[in-house]
2 protein chains.
Amino acid sequence: MSPDKEKTRVVLADDHRVVQTGLRSYLESFPDLEIVGAAASGEEALAKLEGWLPDVVVMDLRMPGGMDGVEATRKVRALSPHTQVVVLTAHTDEARVVAALRAGAIGYVRKDSEPEILVAAVRGAARGQSVLDPAVAGSVLQELVRGGPLAEELSEREKEVLAQLVHGRTNREIAQALHVGEETVKTHVGNILSKLQLNHRTQAVIYALKQGLVSLDDVEI
Amino acid sequence: MSPDKEKTRVVLADDHRVVQTGLRSYLESFPDLEIVGAAASGEEALAKLEGWLPDVVVMDLRMPGGMDGVEATRKVRALSPHTQVVVLTAHTDEARVVAALRAGAIGYVRKDSEPEILVAAVRGAARGQSVLDPAVAGSVLQELVRGGPLAEELSEREKEVLAQLVHGRTNREIAQALHVGEETVKTHVGNILSKLQLNHRTQAVIYALKQGLVSLDDVEI
DNA sequence: CCGGGCCTCCCCCGTTCGGGGGAGCGAAAA
DNA sequence: TTTTCGCTCCCCCGAACGGGGGAGGCCCGG
């Protein structure tokens with residue numbers, strides 16, 4: 001067995017400490033992998049990146065704090081182009097996988113896939129090879145080529161209004177929250193529905209939650 | 001007690017195979033724990049329960065299929081009273097923790113807690129001791145005593161209507177889907193809002209998603 | 001310079017919602 | 001038995017919503 005120099009340096013980024021530790025145990029059982037660090041948020045991963053010098057970051061897309069996995073992926077790739085990112089996600093938020101791949105992720109594994117796929121993705125990423133979970137690689141690639149679902153055509157203000165919708169607010173309440181007139185909110189809501197090709201606000205809420213534009217965790221009713 | 005030398009027989013129930021395998025690696029590193037089985041759904045866990053004879057089931061509340069973690073907990077306890085259930089959950093669906101504890105779970109650990117807490121909960125459960133994650137034990141107990149949030153006062157029909165709401169349907173569409181009149185749907189929706197003390201359907205959708213009454217995974221818009 | 005997107009607000013109008021009432025029916029509990 | 005509860009449907013009515021139009025101000029890029 002060769003010493004450390006052939007080991008792949010891996011960092012885990014997942015806010016679930018229990019899951020994180022489990023993955024560490026599992027991945028460390030492979031002699032060619034070395035877990036050099038773990039982070040519970042995008043910010044933490046970036047802050048410690050230069051100290052860890054990982055070859056691969058296994059990134060959960062759903063993390064707390066201002067920075068989500070997509071943004072963290074983008075910044076990891078900008079800060080350390082040598083470091084490859086493998087996205088690890090629940091099948092719930094596949095919508096953001098495309099965004100993560102666009103942001104520079106090289107691999108993608110679903111949490112409900114066989115764990116061997118994760119190992120293969122990490123090993124592939126270390127070699128610069130892209131390993132996409134076969135369970136959904138087709139649909140993901142399809143979305144990549146046709147430019148995404150219906151995504152970020154929304155303006156900043158419209159995203160703010162959409163976030164308000166997810167909080168279950170009425171037009172009047174949104175108007176107060178954003179300090180604009182109720183008519184303005186009506187316009188924004190109408191434009192959101194039009195851009196997303198939806199019929200009413202409730203569908204917009206579901207869309208936002210499915211896309212991960214707003215996390216259910218942040219919502220209080 | 002005499003069976004000190006015997007290992008605690010543990011079963012993992014989590015639809016995320018990657019997470020499941022990670023947990024297996026981690027827990028198996030403790031010599032007093034033995035992972036005797038793993039399931040990806042409530043149905044699978046129940047079907048194999050009598051073959052595994054576990055002392056403790058570590059149960060994720062969010063699982064696919066008709067049976068969720070709460071129902072699976074209830075049935076595990078009914079089928080094998082010796083077996084204790086430790087609930088493992090994301091902090092997103094704390095609302096269902098109370099339901100799981102009522103259904104017979106003895107322990108409760110959040111995924112973003114320190115992994116040692118999970119080990120402590122499993123060991124405690126094997127001795128019949130309740131270990132609740134200190135991060136939220138207070139609020140959970142509070143809800144337990146005051147009888148739960150606003151929960152399952154909904155009738156079966158009302159839950160069906162609520163599920164339809166989560167799909168973004170209008171009253172008319174729901175009426176067609178359930179083969180009743182639109183006025184009937186209006187009545188149900190009104191009763192749902194009244195029982196849950198909400199103001200409009202969008203809030204009902206958010207409520208249902210937060211409570212896990214309907215999974216976002218099942219929704220297509 | 002001028003077009004275009006964005007944000008803001010206004011109008012009108014038809015539809016949908018939500019809340020109030022009532023009522024018949026069947027099943028289950030008291 | 002009577003009572004209660006869930007499911008079904010009906011009425012009325014005010015409020016909220018969604019779609020259509022327009023308009024002024026802003027800044028950016030061709």
Side-chain angles (χ1 to χ4, degrees), chain A residues 147-211 213-214 219-221, chain B residues 99 147-148 150-211 213-214 219-221:
Chain A
L150 297 161
E152 301 303 289
E153 318 308 350
L154 296 185
S155 71
E156 282 308 309
R157 199 54 158 171
E158 286 161 353
K159 287 184 206 168
E160 286 179 45
V161 172
L162 182 53
Q164 293 287 322
L165 288 178
V166 178
H167 280 74
R169 310 244 161 88
T170 65
N171 288 343
R172 180 168 301 158
E173 291 168 337
I174 297 172
Q176 292 171 341
L178 300 185
H179 306 103
V180 294
E182 195 174 338
E183 286 299 324
T184 304
V185 176
K186 286 188 59 175
T187 304
H188 287 314
V189 173
N191 289 336
I192 290 170
L193 296 179
S194 173
K195 285 184 178 180
L196 302 181
Q197 297 175 246
L198 302 174
N199 298 315
H200 48 260
R201 58 182 50 220
T202 305
Q203 289 183 338
V205 168
I206 298 163
Y207 174 89
L209 290 174
K210 275 189 85 78
Q211 297 293 316
L213 300 179
V214 181
V219 182
E220 214 43 69
I221 48 176
Chain B
L150 297 161
E152 299 305 289
E153 316 309 349
L154 296 185
S155 72
E156 283 308 309
R157 201 53 160 171
E158 286 161 354
K159 288 183 206 171
E160 287 179 45
V161 172
L162 182 51
Q164 293 286 323
L165 288 178
V166 178
H167 281 75
R169 310 244 161 87
T170 65
N171 288 344
R172 180 168 301 157
E173 291 168 338
I174 296 172
Q176 292 172 342
L178 299 185
H179 306 103
V180 294
E182 194 174 338
E183 288 299 324
T184 303
V185 176
K186 285 188 59 175
T187 303
H188 287 313
V189 172
N191 289 337
I192 291 170
L193 296 179
S194 173
K195 286 184 178 180
L196 301 181
Q197 298 175 244
L198 301 175
N199 298 315
H200 47 261
R201 56 180 54 219
T202 305
Q203 289 182 339
V205 168
I206 299 163
Y207 174 90
L209 290 173
K210 275 190 85 77
Q211 298 293 316
L213 300 180
V214 181
V219 182
E220 212 46 66
I221 49 175

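The basis for the numbers below is simple: all heavy atoms, side chains too, and nothing from hydrogens, waters or symmetry mates.
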Undergrad: I'd like to check the side-chain hydrogen bond (donor to acceptor under 3.5 Å, both in side chains) partners of Gln164(B); sequence neighbours left out, ordered by chain and number.
TA: Arg169(B)
Undergrad: Side chains of Leu196(A) and Gln203(A): closer than 4.5 Å at any heavy-atom pair?
TA: no
Undergrad: List the residues meeting side-chain hydrogen bond (donor to acceptor under 3.5 Å, both in side chains) with Glu160(A), not counting sequence neighbours, and say none if there are none.
TA: Arg157(A)
Undergrad: Over how many whole Å does the gap from Asn191(B) atom CG to dC17(C) atom P extend?
TA: 16 Å
Undergrad: Go through the steps to decide whether Thr202(A) and His200(B) satisfy the test side-chain contact (heavy atoms from CB on, under 4.5 Å), and finish with yes or no.
TA: CA-CA 10 Å; Thr202(A) 305; His200(B) 47 261; over 6 Å; no
Undergrad: Rounded to whole Å, how long is the line connecting atom CG of Leu178(B) with atom P of dC9(D)?
TA: 11 Å
Undergrad: Identify which nucleotide among dC7(C), dC9(C), dT8(D) has an atom closest to any side-chain atom of His188(B), counting heavy atoms from C-beta outward.
TA: dT8(D)
Undergrad: How close or far is atom P of dC5(D) from atom CG of Leu154(B), stated in whole angstroms?
TA: 16 Å
Undergrad: Do Val166(A) and Leu209(A) come within less than 4.5 Å of each other through their side chains, counting heavy atoms only?
TA: yes
Undergrad: Just how far, in rounded Å, is P of dG26(C) from CD of Glu156(B)?
TA: 22 Å
Undergrad: What is the distance, to the nearest angstrom, from the CD atom on Gln203(A) to the P atom on dT16(C)?
TA: 14 Å
Undergrad: Give a yes/no on whether any side-chain N or O of Ser155(B) is located under 4.0 angstrom from OP1 or OP2 of dG6(D).
TA: no
Undergrad: When rounded to the nearest 0.5 angstrom, what is the spacing between CD in Glu182(B) and OG1 in Thr187(B)?
TA: 11.0 Å
Undergrad: Rounded to the nearest 0.5 Å, what's the gap from CG on Leu178(B) to NE2 on His188(B)? Could you check?
TA: 8.0 Å
Undergrad: State, to the nearest 10°, the angle formed by the axis through the first five base pairs of the helix from dG3(C)-dC28(D) to dA30(C)-dT1(D) and the axis through its last five.
TA: 40°
Undergrad: Residues two or more places apart in sequence or in another chain: which of them pass side-chain hydrogen bond (donor to acceptor under 3.5 Å, both in side chains) with Glu183(B)?
TA: none
Undergrad: Send over the distance from Gln164(B) CD to dT16(C) C1', rounded to a whole Å.
TA: 17 Å
Undergrad: Using a 4.0 Å heavy-atom cut-off, write out nucleotides 14-25 of chain D from 5' to 3' as B (base contacted by protein), S (sugar-phosphate only) or - (no contact).
TA: --SSBB------
Undergrad: Between dG19(C) atom P and Gln197(B) atom CD, what is the distance in whole Å?
TA: 12 Å
Undergrad: Test of understanding: with side chain to side chain contact (heavy atoms under 4.5 Å, CB included), list the residues that count as partners of Leu162(B), not counting sequence neighbours.
TA: Leu154(B), Leu165(B), Ile192(B), Ala204(B), Ala208(B), Leu213(B)
Undergrad: To the nearest angstrom, how far is Ile174(B) atom CD1 from dT8(D) atom P?
TA: 13 Å
